[in-house]
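Here the structure is laid out as structure tokens; the discussion comes afterwards.
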Amino acid sequence: MLAENPSSQQKLHLLPPDRCRDEALIEMRDIVKTFKTPDAEFTALKGVTACFFKGEFVSIVGKSGSGKSTLANMLTGIDHPTSGSVRVENTHIHKLSENEMSRWRGKNLGIVFQFFQLMPILTLLENVMLPMAFCNNCGAVEREKRAMMLLDLVGLANMADKLPAAVSGGQQQSAAIARALANDPPILIADEPTGNLDSRSADEVFDIFTNLVEEGKTILMVTHDPGLAQRTHRTLLLSDGELINPWVAQALPDLSHSHMLWLTHRLKAQTLPAGVSLPAPALFLVTAGNLEINNHHSDNGFGKIAVRPGQASGGALHRLNGNSQPGWQVSTGSPVEILTLDDTDLQSWLENDSAVSHSLAKDILLPGVKVIDVAGQEHAAAGDNFQEESR
Amino acid sequence: MARPRTQKVFSDLWGNPQRSLLVLASIVVGLFAIGVVGTIYVIGPQDMRVSYAATNPANLTVLATPFDRCLVNHIEEMPGVRQAEGARTFSTRLESEPGKWIAIDMKALKDPGQMEINQVRLVEGVWPPGEREIVVDQYRLEDTNAQIGDLLTLELPSGKTRQLKLVGVVQDLSIGANGDPGGFFNSPVLGYITQDSLEWLEQPLPKQYNQLFVTLEGDTENPATLEAAAQAVREEVKHCDVEIISMVQRSSTEHPNLYLVQAILAVLVVIGLLVSFLSGFLIANTLQAIMNQQMQQIGILKTVGARRLQIAGIYLLLSLMFGVLAYLVALPLSLLVGFQIVDYLTVQINYVFYGPRVVLPVVVLLAVIAVLMPQLSALLPVRQGTRISVQEALSGYSQSHPPERGWLDHQISRLRNYSLLLVVSLRNTFRRKGRLLLTLVTLTLGGAVFIATFNVRISLVQYVDQIIQYFLADVNITLDRSYHIEEIEEKIEEVPGISMVEGWMFARTELIMDDGSIGESVSLLAPPASSPLIEPILVDGRWIQPGDRNAIALSELFLEKFPDLDVGDTIRLRVNGKETDWVVVGFFQMGGKVSGYSAYTSYEYLSELVHQTGRAMGYRVVSQQTDMTLEQQNALGKAIETHLGQSGIQVIDISTGKSLTQKASDGFTILTAILLFLALLTAMVGSIGLAGTMSLNVMERTREIGILRAIGATDLSLMRMVLVEGALIGIISWLMASAAAFPISEIMSDSITLALFGSPANFAFTPTGFIVWLVIVLILAVLASVLPARSATRLTIREVLSYE
């Protein structure tokens, strides 16, 4: 089931597990990773399940310590899960030995590191040739030709004989990308590839990635930069070792990650048939179909608005400006799939954390809701714009 | 709780055991070498002097025509004489195996139990022997194939045999003190009997002595005292109508084999210093690597306010602690090994070891070096490390020197189409040129000394083999008396396979000095002037020629003692009691000090001089078969002896050409054993250097190894890369060591032979040392590379990349 949100280019996946298994290029299932330290155990990943499809450009975003690099390590085989499985095409990489993993990785995966990790004693050309030498791909002369072609692809043909320390960070990263492509792997994993670059170099690197995706590569990129993440096909948001529901991230982007995660744990899926009108859930997110939310007491000045996939609303959200306004209804013209939070949970959430109200108010679609900031100024909620459109 | 700075030092010490062990090993090996050498240097000569002096050694040893007790008493009453004793010595043969006879020198004393001069030390059994019993010196006991309680069969002058019971084994430290050529190492079996056994052994004049031992009062270390006493004794002996055949002077502490120990010590000191020097290189190398690894920490220290001197203090304290730890390990170890070596040498060089003890000079010296060496070695790396800027330290990038590719890098690049992995190995080999240089220096010098040891051994053997030039006969025979040469030649030629027989003369003479005093004892050999059985190695002048009358050729030792002596000069010798003048026609080389003062003249002239024309006691026999083995020569000798015996002609000594050189070579076994020990020590230094370098190289590249695995390198390809790097360093060092081995071999050979023989050796080399070192260095290179590479490949990539 795929939905498009007009406000971004991103696609959101919520496929049933069997379809994930059948169609995905990469499948991660119930990945747990626990690190043992002298003082205690620390679980970096707490049962992550995700899949990735051919030709996708996916960003993995999260704050420092969220587990995104650990997740990337699971995908590259640099580290192994404590439990769970990782399948790439037909290979269960979590079962491979270190040696087998090295061999597999050389042929099937290209890795781009944050700190480039080029061999300092080899020229850029030689660095790019190195993976081919390990995998014994093609003859020596052809290796050099291919390496030059790859360097040309990333704009470094004239720097081929330079040592890494003699070129800029952006150029080193470009060379690292060329190295990652040496054996023409179908998948590239990039861990904070722009983390050590200035914005211009970061843009250049990102453009290279975009071009590669257009050529059919699958790229998974770990990043802390939400701006870059937005430019990918899809974003996985990690918080405290768990994946945040992408609909939550899409619909309520102003929530903190911990709030999003809280919500991820508590939302329940529900399907509304076509042609019904019923009391609006306290808080809901639309994941498929369209519905309208309105208030029957129309004389109070509230109208109705459409809520589309990737958007949030809710009948209890008037509490955000201190009012309790009953009577909100949702009506469907076609089957609609939603994620709902019941009133009790919402109530306790709002009461326990005052910051939630502020963030929710920015994102929800509900006519007449106003947000009062710390200076005491009133602002219209997000829904007011739509209210104008629907009128 | 320790101060943070001190805590850091301890953390650095214990935090990386492998690295710390490397530093410790580097210091320990240098301290160990100094400790061992120092122990031997202090204890060896000390115990030699003390143990020799404890035997109350003779200051004058006189060999004379038979004399009685009366002369001994007379000499003892002379002013300046402390004690005098007489002994009867003679040579005969002992049956070591059925049909095999070996030479034995016998010493008969009136009352061995009351012997005051040249006292012996009981090793096993009983002392003194009773009548018809014998005690043997331990050095050649093995040659007798006998043990306490066995009966030894001796040959009598009549040809009959008698058996004496072996009742004891002693150690006689005076062996070699009488100035016989070859001294202790060439000495035959030495047996001690009572004078009462002489008649039973058919010795003539059983109540008379032929050897006088005299100890003196006053300063016996002073040659003038000895010389004066020698003259007085000589006059007195002459006065009693006794003829002196030879007289040797010796101080009370000058052990006969001291010259050998001095030669060994000279080599030991040089190599000990070399090992320490190399150890300093190792320490500097390793500490430099530590500083490199600590770069980031240094940057952090600077950011929190540490000044350069404070940071330097931390690392100098660390190196001091390394020094202290190394001292605690090296001191007992070196003393232990030093004592073991000193103990081992007691039988080989004939002295007594008085047991392990505190060797204060070594304890103090090692302490000083343990403190100073690491500190001095650390100075430069610490200085360089603490000078780095915070930015460079934290980022790891140097702004001052942008990287450039040199000529070597470009040449290496040419190989990338052949094997890129080889390029990686080559680049890694030359990556840290300073460290590579230090490693190569230690490996090269260590290897060169190792190889040189083999070459020195060959040089020594070849030098000793020179002696064979003077004994080209297959068999050398000494009869019980002079016979007509023609008669003996005819008899010997009846034995099948004989090609040639020559009669030679021999005389013990004394040099008469310009002032008329008696000088050195000189062994005078007289082959026929045109004898083909001698091929002298001349250092000056010419050899004896047919027609020469009083011509004499002298051994090179004369040049050392009498530097003004020249070809054409005249010397005076007392031959058979008669003083005669001789014209020096040449000087020859024949084993230097080992062979003693020897000279050659023509048989024709000497036989005429001593009224023995046409007669001789000594004969040289050549077989028709060339290049006989030792066994073949022995068999021929036995056949000749049997045949002569059947004709009633008694042989009192028979030796083969090859056995003479083998005996001389055996004497150098000790020296070469010590040389080999030191060679192994220098090789160990080189090995630690290589192991350390490879270990550090791999440790520093752990992250790169992780990256290589991340881009497809298997364990095997990683191992190969590291192995090639190690092997490259090994091979380069081998080539350099091989080149350096030539001059070092020459220097070592010359030093040793000068100390031993008084003249430098001709340089010789053998491929054995080169090949053995190549194998060792390659094995070391493999081990030094594989072990750290294995531990690096065992780490997970996540660990080495240190993600999050």
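Lettering follows sequence order; numbering is per chain, from 1.
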**Report entry** Between A:C135, A:G106, A:S102, A:G110, the one whose heavy-atom pairs under 4.5 Å with chain B are most numerous
**Finding:**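 Between A:C135, A:G106, A:S102, A:G110, the count favours A:S102.
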Query raised in the report: Top residue by heavy-atom pair count (under 4.5 Å) with chain B, among A:L109, A:L130, A:T76, A:N183?
Result: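 Of A:L109, A:L130, A:T76, A:N183, A:L130 has the most heavy-atom pairs under 4.5 Å with chain B.
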Query - Contacting region of A:L125 [heavy-atom separation from chain B under 4.5 Å] - result: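 The answer is the side chain of A:L125.
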Query - A:E144 portion near chain B, given a 4.5 angstrom heavy-atom threshold - result: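 For A:E144, the contact with chain B is made by the side chain alone.
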Can you say whether [X] sits under 4.5 Å from chain A via the side chain, the backbone, both, or neither, judging by heavy atoms?
{"X": "B:L421", "result": "side chain"}
{"X": "B:T714", "result": "both"}
{"X": "B:I412", "result": "neither"}

Requested in this report: Pick out which of B:T442, B:L287, B:V441, B:L22 makes a side chain to side chain contact (heavy atoms under 4.5 Å, CB included) with B:L282.
Outcome: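 The residue from B:T442, B:L287, B:V441, B:L22 that satisfies side chain to side chain contact (heavy atoms under 4.5 Å, CB included) with B:L282 turns out to be B:T442.
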Query raised in the report: Do B:V423 and B:S413 touch side chain to side chain, with heavy atoms closer than 4.5 Å?
Result: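 No, side chains not in contact.
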Requested in this report: Compare all side-chain heavy atoms of B:R416 with those of A:M129 and state whether any distance is below 4.5 angstrom.
Outcome: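 In contact.
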Query raised in the report: So among B:R431, B:R427, B:R720, B:R701, which one has a side chain to side chain donor-acceptor pair (under 3.5 Å) with B:E725?
Result: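 Single side chain to side chain donor-acceptor pair (under 3.5 Å) partner of B:E725 among B:R431, B:R427, B:R720, B:R701: B:R701.
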Query raised in the report: Is there a donor-acceptor pair closer than 3.5 Å between any side-chain N or O of A:E126 and the backbone N or O of A:T123?
Result: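 Yes; judged by distance alone, with no hydrogens or angles, the pair exists.
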Query raised in the report: Could you state the interatomic distance from CZ (A:R87) to CG (A:L25), rounded to the nearest 0.5 Å?
Result: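 Answer rounded to 0.5 Å: 8.0 Å.
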